[in-house]
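Inspection log for the structure reproduced underneath, given as structure tokens.
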Amino acid sequence: MMRRRALLQALPLLAGGCAVLPSHAPSPAPAAPGPLQPPPAPREFRAAWVATVDNIDWPSRPGLPVPVQRDEAVAILDRALALALNAIVLQVRPAADAIYASTLEPWSEYLTGAQGRAPVPAWDPLAFWVAEAHRRGLELHAWFNPYRARHPSAKTPLAASHVALRHPEWVRRYGNQLWIDPGEPAAAAHTLAVVADVLRRYDVDGVQLDDYFYPYPEGDRPFPDDASWQRYRGPLTRDDWRRDNVNRLVAALNDEVHRVKPQARFGVSPFGLGRPALRPPGIVGFSQYDKLYADVELWWASGWLDYLAPQLYWPIASPGQAFGPLLDHWIGTNIHQRHLWPGLFTSAVATPPRDWPAREIVDQVALLRSRAGASGHLHFSMVALMQDRDGIATKLRAGPYAQAALVPASPWLGAGPAPTTPALRGAAGERPRRGGARRRRFGGRRRPLRQPRRGCRADLDMKPLRTESPSEQHAALDRYDSAQLVAAFVDDQRRAADAVYAARDALAAAVDAALPRIAAGGRLLYAGAGTSGRLGVLDSVELLPTFSWPRERALALLAGGDRAMFEAVEGAEDDRDQGAADLRALAPTANDVLLAIAASGSTPYALGALDAARAAGALTIGLANNPGAPLAAAAEIGVVLDTGPEVISGSTRLKAGTAQKIALNTFSSSLMVRLHKTYGNLMVDLRATNAKLRRRALAITVRAAGTDEAAARQALDACGWRVKVALVMLRAGVDAATAEQRLDAAQGSVDAALARRGAGG
């Protein structure tokens, strides 16, 4: 995005008078207020970019003391609030570096004065920006440059952790900058990992890319990507192959943003001139489609963006790049009715060579409001508003920003992870489905992403399972080195916990439903095949030593029987009748609880066991990893752990299995706690059957009873090393028999037994 200083200055200086449009408040939400409702709030996205590269906006220079950096950030946010803005777009990755604490990329020299140098005293600027923005009611969008690896303004040496030193095979020198080659699949996967890391660790409201894809041309000099072109070219021409590389990154980022944080918005701020063949009459100038290989109209038409912020950096009366016709072009291509929030060149106000009057920006805001298809705008950049050049901040606050506005809603964003990308086929005479996207992957000899045809609808083929879908991020896995492989698998496993956390309400409902049945003497039954079935066996076996849960009250069925615990028994999982027969052999009752487990959610063996359990009146809980799974739908309580594609496509022993293990552990442990198997968070119902467990039992007794080892050991010896009994003996001053009576009367609750005054105590 910092091309603005160079490229835009090279564009023809286009002078002329501006048509002055009346300034008015943004359009309010359409719903009319009811008799007991307040009037609807105006909706308009009002944002400013805060650029960190070359210290354009923040911090004002490299290496400032941390308190000064904080003060400057607060001043920017306070000015945004005073101006009635509602969002800040902060540049967090200016050149394969970070203005936040990252294990993936080095600290930016624009922050600390030397790349790789951490702030002293330690602080996390992005966490500070997010917290302070939200404290003021402002959204904070994280702005990433996906491909730039070193900016001409950089002065300090590259840090050892920088991508140009860690993976020089990804990086190309072009002109006076370093660039990550968009044709390198592993580099694209790294960028996805960087964005996902920010989304997971920071409460950002959106993710934005700027206008840098392939670099702006350096004269007639070609971009030096011969190596990647020869490896990955496939059947495409070179220009189409380059566009396909960028298309894949944009599409994969859309998927990743919504998978990690479903409510976050993904946007792009491209150069403001569209594809030459699609431009309005009279519009001329630089072609990002042909030079940057950015097919923005494709991204927009494919539903890959929640918002588009084209940089409309020309005056209203500019011949060849008139603001109004350019705006109308992007409105007319918005077939999915997503957010259109153009970028305004506010920094051109009172600054040579353009030296725009502030009235130009005020009139552009008014023109935007006259178009129903635009619902906001962004200022480049915050420095012009901080300096109030030609009174621009004052004029905006007194005129178009006199009334505050809320950020427009994004109704297409659901509460859960985005759906799996469908395979598509065209049907003549119909338009693309809203949000439809094409299947894509990085790396290999690949089929290109096809352009959406005008007057063509994308129909769904059979919907693939999310767990079986190819991982866009790791399609080049076989070219990773060991460090990359370990990082990929470990990073992906983090998502297992996210999936379980998203299903926490269903898990809690399952515990509540199971509790009265198990308390009444019911059994925990497990049924599954392969990895899922083995995890059920593991959970059932661990309940005895951990919670002294009777073995006969935790029984697991594994397709293929005992042999399947140690080797694959092919075909066993496909026998639904066998699953039902195995479950019936356990003589299920209405007090029993069945956990049927299958990553796909459609394993016949597990479904058969569920059929038999339901017929017997047992509680059925279906645990699956795919939305819409038959197993979850057929069970009384469905728990869906939506882990998405695996690093190795289809291998559900990876994070799908990890999520199942976490969920089973969470369910059974929560149930045991509700059944008084702990005292506080101490494991007081363990079976002390070996030396290690005796040491553990002794330590727990000492801690819970507040006594010494000698007294604890004496009590444990007297009651057969049952910690609960010893604990009641020591805390209530009773003998073992009385302690047992109290615990029986209190249904195993240590708290209740200690409060009880019964026989002998």
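Bear in mind that the values here come from a model prediction, so they are computed numbers and not experimental data.
Taken from CG in Leu538 to CG in Leu558, the straight-line distance is 12.0 Å, to the nearest 0.5 Å. Atoms OG1 and CG, from Thr603 and Asp575 in turn, are 12.5 Å apart once rounded to the nearest 0.5 Å. Atoms CZ and CD, from Arg495 and Gln493 in turn, are 10.5 Å apart once rounded to the nearest 0.5 Å. Residue Leu654 holds its CG atom at 4.5 Å from CD of Glu646, rounded to the nearest 0.5 Å. For the atom pair Tyr605 OH and Leu557 CG, the distance stands at 4.5 Å (nearest 0.5 Å).
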Given side-chain contact (heavy atoms from CB on, under 4.5 Å), test Thr678 with Met672 step by step and report yes or no. CA-CA 8 Å; Thr678 63; Met672 293 297 117; over 6 Å; no
Start with the C-alpha distance between Trp299 and Val246, add both sets of side-chain angles, then the distance that settles side-chain contact (heavy atoms from CB on, under 4.5 Å), and finish with yes or no. CA-CA 10 Å; Trp299 313 338; Val246 179; 3.6 Å; yes
Show your working on side-chain contact (heavy atoms from CB on, under 4.5 Å) between Asp255 and Trp304 and close with a plain yes or no. CA-CA 8 Å; Asp255 284 349; Trp304 295 344; over 6 Å; no
Kindly indicate, with the supporting measurements, whether the criterion side-chain contact (heavy atoms from CB on, under 4.5 Å) is fulfilled by Val195 and Leu199. CA-CA 6 Å; Val195 173; Leu199 284 166; 4.1 Å; yes
CA sep, side-chain torsions, deciding dist, call: Asp592, Arg523, salt bridge (charged side-chain N to carboxylate O under 4.0 Å, His left out): CA-CA 5 Å; Asp592 290 336; Arg523 299 171 295 176; 2.8 Å; yes
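In plain terms, the two heavy atoms of Ala554 and Trp549 that are nearest each other are CB-CD1, 3.8 Å. A pairwise comparison of heavy atoms in Ala635 and Leu610 identifies CB-CD1, 3.8 Å as the closest pair. Minimum heavy-atom separation, Val511 to Ser670: CG2-CB, 3.9 Å. In plain terms, the two heavy atoms of Ala613 and Leu594 that are nearest each other are CB-CD2, 3.6 Å. When every heavy atom of Asp197 is checked against every heavy atom of Ser102, the shortest pair comes out as OD2-OG, 4.4 Å. Minimum heavy-atom separation, Ala189 to Tyr480: CB-OH, 3.4 Å.
Scored by the side-chain hydrogen bond (donor to acceptor under 3.5 Å, both in side chains) test, His339 finds Ser410 as partners (sequence neighbours excluded). Under the rule for a side-chain contact (heavy atoms from CB on, under 4.5 Å), the partners of Asn665 that lie at least two apart in sequence or sit in another chain are Lys661, Ser669. By the side-chain hydrogen bond (donor to acceptor under 3.5 Å, both in side chains) test, Ser540 is found to be paired with no residue, residues two or more places apart in sequence or in another chain being considered. Residues passing the ring-ring contact (aromatic ring centres under 6.0 Å, His included) test with His167 are Trp170, sequence neighbours excluded. The side-chain contact (heavy atoms from CB on, under 4.5 Å) check on Ala510 picks up Ile621, Ile637, Phe667, with sequence neighbours excluded. Legend: residues meeting side-chain contact (heavy atoms from CB on, under 4.5 Å) with Asn334, ordered by chain and number and at least two apart, are Trp300, Arg338. Under the rule for a side-chain hydrogen bond (donor to acceptor under 3.5 Å, both in side chains), the partners of Arg200 that lie at least two apart in sequence or sit in another chain are Asp491. Contacts of Tyr307 classified as side-chain hydrogen bond (donor to acceptor under 3.5 Å, both in side chains), with partners at least two apart in sequence or in another chain: His141, Gln208. With sequence neighbours left out, the side-chain contact (heavy atoms from CB on, under 4.5 Å) criterion links Asp539 to Tyr526, Leu664, Ser668.
At a threshold of 4.5 Å between non-hydrogen side-chain atoms, the residues Leu126 and Leu140 count as touching. Looking only at side-chain heavy atoms (C-beta outward), Arg93 and Trp143 stay at 4.5 Å or farther from each other. Put simply, the side chain of Arg553 does not reach to within 4.5 Å of the side chain of Leu524, judged on heavy atoms. Under the 4.5 Å side-chain criterion, counting only non-hydrogen atoms from C-beta, Ile518 is in contact with Leu671. Residues Leu305 and Leu308 have side chains in contact (heavy-atom distance under 4.5 Å, counting atoms from C-beta outward). In this structure, Lys677 and Val684 have side chains that are not in contact, with every pair of non-hydrogen atoms separated by 4.5 Å or more. Looking at heavy atoms from C-beta onward, Phe144 lies in side-chain contact with Val92 at the 4.5 angstrom threshold. Side-chain atoms of Glu139 and Phe45, non-hydrogen and from C-beta on, do get closer than 4.5 Å to each other.
A distance-only check finds no donor-acceptor pair linking the side chain of Glu567 to the backbone of Ala564 [under 3.5 Å]. Without hydrogens or angle criteria, Asn254 side chain to Val250 main chain gives no donor-acceptor distance under 3.5 Å. A donor-acceptor contact shorter than 3.5 Å is absent between the side chain of Asp642 and the backbone of Asn626. A donor-acceptor pair under 3.5 Å links the side-chain atoms of Ser548 to the main chain of Asp685, judged by distance alone.
Test Asn625, Asp498, Asp492 against Lys655 for side chain to side chain donor-acceptor pair (under 3.5 Å) and you get one pass: Asp492. Under the side-chain contact (heavy atoms from CB on, under 4.5 Å) test applied with Lys261, the options Asp203, Asp205, Val207 reduce to a single match, Asp203.
Sorted by first and then second residue, the salt bridge (Lys or Arg N to Asp or Glu O under 4.0 Å) pairs involving residues 613-634 (not counting sequence neighbours) are Asp611-Arg614. Residues in residues 619-639 take part in no salt bridge (Lys or Arg N to Asp or Glu O under 4.0 Å) pair, two or more places apart or across chains. Residue pairs meeting the side chain to side chain donor-acceptor pair (under 3.5 Å) criterion with at least one member in residues 501-514, sequence neighbours excluded, are Asp512-Arg674.
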